[in-house]
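Each residue takes its place number in the sequence, starting with 1.
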Amino acid sequence: MAMRRLLGVCGGLALALSLRAGTIVLYDSTEQASTGVDSIADLGPLYDSFSTGASSGALSYLGLLVGIPPTSGGGSASSFTVGLYADNDTAPGPLITDLGTVSDSSLTGSVSLIDVVLTADPVLSSDTRYWIGLSGTTAAYWAWTLDTSGPGVNGEYYADVEGTFPTNPFGGYQMEVEINSTPEPSTLFLGASALALVLLRRGRLEARLRTMHR
């Protein structure tokens with residue numbers, strides 16, 4: 001009986017490990033030195049793109065490198081909205097969903113990383129480009145960098161009131177995007193195979209034990 005329970009636990013653990021979601025960083029330029037800042041109200045809406053590659057899953061984290069002038073007088077009534085947008089031939093497409101709102105009162109006079117409190121966690125498809133867009137009557141600005149060495153940054157695009165431009169060499173806006181990945185079919189198959197193997201071995205062991213006790 002103890003052996004049966006042990007094998008059952010092992011099988012369950014094998015399947016759970018194979019199905020466990022993992023965090024994947026799709027885009028991160030927040031560790032690079034900022035080159036400049038753009039006003040969200042004056043040059044916006046401001047957009048920056050990212051791509052999922054072979055990964056898919058629910059959006060789990062969005063960080064923005066933003067700030068506000070100390071003498072702006074923006075006040076708590078001023079804010080900007082953060083949205084997730086579809087891609088339209090390497091340009092911002094239709095709004096998919098609003099992701100949250102950031103109040104000017106929550107920002108400091110210097111550029112810093114702000115964790116957006118997500119009001120939605122949309123599931124992102126693999127091999128797809130999306131855009132993060134910032135808009136609103138706000139005194140806030142979004143930092144940008146010419147350093148494209150961060151994960152997922154090189155080859156993406158940014159957009160402002162003047163049009164859409166490649167991140168390299170012009171420099172995209174600074175943000176971090178993460179998803180909770182969903183298991184690929186091959187991973188599901190491996191997990192199911194592991195469980196089936198454990199069950200098969202358990203059956204053989206039980207049959208052998210029954211034979212020994214006759």
Side-chain angles (χ1 to χ4, degrees), residues 23-53 55 59-75 78-93 95 98-118 124 128-179:
T23 299
I24 295 179
V25 178
L26 298 178
Y27 186 108
D28 187 8
S29 59
T30 59
E31 297 295 328
Q32 281 61 46
S34 299
T35 305
V37 296
D38 282 350
S39 167
I40 297 172
D42 295 340
L43 293 176
L46 304 180
Y47 302 90
D48 203 83
S49 75
F50 67 94
S51 296
T52 55
S55 303
L59 182 67
S60 59
Y61 174 78
L62 174 61
L64 303 171
L65 213 58
V66 291
I68 189 171
T71 58
S72 66
S78 299
S79 62
F80 62 87
T81 300
V82 183
L84 177 69
Y85 293 79
D87 181 68
N88 182 17
D89 193 21
T90 65
L95 174 68
D98 287 329
L99 297 175
T101 300
V102 177
S103 171
D104 284 10
S105 62
S106 66
L107 306 179
T108 63
S110 59
V111 170
S112 59
L113 182 63
I114 297 297
D115 300 338
V116 178
V117 179
L118 297 174
L124 307 184
T128 305
R129 172 171 284 119
Y130 296 92
W131 294 75
I132 298 296
L134 276 52
S135 60
T137 304
T138 174
Y141 43 69
W142 196 359
W144 56 276
T145 179
L146 290 173
D147 188 341
T148 61
S149 63
V153 177
N154 196 10
E156 291 302 325
Y157 300 84
Y158 78 92
D160 57 22
V161 69
E162 297 179 349
T164 303
F165 307 92
T167 292
N168 189 358
F170 298 108
Y173 295 112
Q174 293 181 267
M175 64 181 185
E176 181 177 356
V177 181
E178 297 180 3
I179 61 171

Exercise for the section: Test Leu64 against Val116 for side-chain contact (heavy atoms from CB on, under 4.5 Å), laying out the working first. Expected result: CA-CA 7 Å; Leu64 303 171; Val116 178; 3.7 Å; yes

Handout entry: Evaluation steps, side-chain contact (heavy atoms from CB on, under 4.5 Å), between Leu84 and Leu124
Key = CA-CA 10 Å; Leu84 177 69; Leu124 307 184; 3.8 Å; yes

Practice task
Run the numbers on Leu26 and Thr52 for side-chain contact (heavy atoms from CB on, under 4.5 Å), then give the verdict.
Solution key: CA-CA 6 Å; Leu26 298 178; Thr52 55; 3.9 Å; yes

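Nearest heavy-atom pair across Leu46 and Leu43 is CD2-O, 3.4 Å. Of all non-hydrogen atoms in Ala91 and Thr164, the two that sit nearest each other are CB-OG1, 3.9 Å. The minimum heavy-atom distance linking Ala139 with Pro69 is given by the pair O-CD, 3.3 Å. Taking each heavy atom of Ser103 and Ser79 in turn, the nearest pair found is CA-CB, 3.8 Å. Between Gly44 and Val161 the shortest heavy-atom distance is O-CB, 4.3 Å. Heavy-atom minimum distance, Glu176 versus Thr30: N-CG2, 3.8 Å.
Put simply, CG on Asp104 and CZ on Phe80 are 7.5 Å apart, with the number rounded to the nearest 0.5 Å. With rounding to the nearest 0.5 angstrom, the OH atom of Tyr27 is 16.0 Å from the CD1 atom of Ile179. In this structure, CG in Asp98 is found 8.0 Å from OG in Ser135, a value given to the nearest 0.5 Å. Between atom CD1 of residue Ile40 and atom OG1 of residue Thr137 there is a gap of 11.0 Å, rounded to the nearest 0.5 Å.
With sequence neighbours excluded, no residue satisfies ring pair (Phe, Tyr, Trp, His ring centres under 6.0 Å) with Trp144. Applying the side-chain contact (heavy atoms from CB on, under 4.5 Å) criterion to Ala86, with sequence neighbours excluded, gives Pro94, Ile96. In terms of the salt bridge (Lys or Arg N to Asp or Glu O under 4.0 Å) criterion, residue partners of Glu156 (sequence neighbours excluded) are, by chain and number, Arg129. In this view, Thr145 and Ser29, Gln32, Thr35, Asp147, Gln174 satisfy the side-chain contact (heavy atoms from CB on, under 4.5 Å) rule, not counting sequence neighbours. The side-chain contact (heavy atoms from CB on, under 4.5 Å) check on Phe165 picks up Tyr158, Asp160, Glu162, Phe170, with sequence neighbours excluded. Scanning for side-chain contact (heavy atoms from CB on, under 4.5 Å) contacts around Tyr85 gives Tyr47, Leu95, Trp131, with sequence neighbours left out.
Residue Asp38 is tested with Tyr173, Trp142, Tyr141 for a side chain to side chain donor-acceptor pair (under 3.5 Å); the sole match is Tyr173. Applying the side-chain contact (heavy atoms from CB on, under 4.5 Å) test between Val102 and each of Thr81, Thr138, Leu107 identifies Leu107 as the sole match.
Between the side chain of Asp48 and the main chain of Gly172, no donor-acceptor pair closer than 3.5 Å is present. Side chain of Ser49 to backbone of Tyr157: a donor-acceptor contact under 3.5 angstrom is found.
Counting heavy atoms from C-beta outward, Asp87 and Thr128 have side chains that stay 4.5 Å or more apart.
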